[in-house]
Amino acid sequence: MTGSRPLDILIVEDEAILVMDMEAMVEDLGHTVVGEAASFDEYESLSLDHAPDLAFVDVQLARGSSGLDVCTA
């Protein structure tokens, strides 16, 4: 990456294989995955701990939570 700093990214996804793929893509682009959450509750905790620059969010999450909840938090 030239001209900009790497982003700290939080992945909010409940499918493990997708998380692994997304993590590899993010890191290949020179950014850092600061956490992985499978539910809104996990997202809330990780976002407070890591204050990510960006979150990639699945719309339908595990345990009945929604990615839309993440977007409005």
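What's counted below: heavy atoms across the whole structure, side chains too, no hydrogens, waters or symmetry copies. Each residue takes its place number in the sequence, starting with 1.
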Report task. Examine distances only and state if a side-chain atom of Ser45 and a backbone atom of Glu42 form a donor-acceptor pair shorter than 3.5 Å. Result -> no
Report task. Check whether any side-chain heavy atom of Asp53 lies under 4.5 Å from a side-chain heavy atom of Arg5, and answer yes or no. Result -> yes
Requested in this report: Indicate if Val12 and Leu18 have the same hydrophobic cluster label, given that clusters are the connected sets of ILVMFWY residues with side-chain heavy-atom separations under 4.5 angstrom.
Outcome: no
Requested in this report: Measure across Asp14 and Ala38 and return the closest heavy-atom pair with its distance rounded to 0.1 Å.
Outcome: CB-O, 3.7 Å
Query raised in the report: Between atom OG of Ser4 and atom NE2 of His31, what is the distance when rounded to the nearest 0.5 Å?
Result: 6.5 Å
Query - Side-chain heavy-atom pair Val26, Phe56 within 4.5 angstrom cut-off - result: yes
Report summary line: All heavy atoms of Glu23 vs all of Ile11, minimum pair found to be N-CD1, 3.7 Å
Report summary line: d(Ile9 CD1, Leu54 CG) to nearest 0.5 Å is 5.0 Å
Query raised in the report: Are any side-chain N or O atoms of Glu13 and backbone N or O atoms of Glu15, one a donor and one an acceptor, separated by less than 3.5 Å?
Result: yes
Report task. Kindly compute the distance separating CE (Met22) from CG (Asp58), expressed to the nearest 0.5 Å. Result -> 8.5 Å
Report summary line: Separation between CE (Met20) and CD1 (Ile17), nearest 0.5 Å, reads 4.0 Å
Query raised in the report: So do the side chains of Pro52 and Val34 get within less than 4.5 Å of each other, counting heavy atoms only?
Result: yes
Requested in this report: Could you pull out the closest heavy-atom pair between Gly30 and Pro6, with the gap in Å?
Outcome: O-CB, 3.1 Å
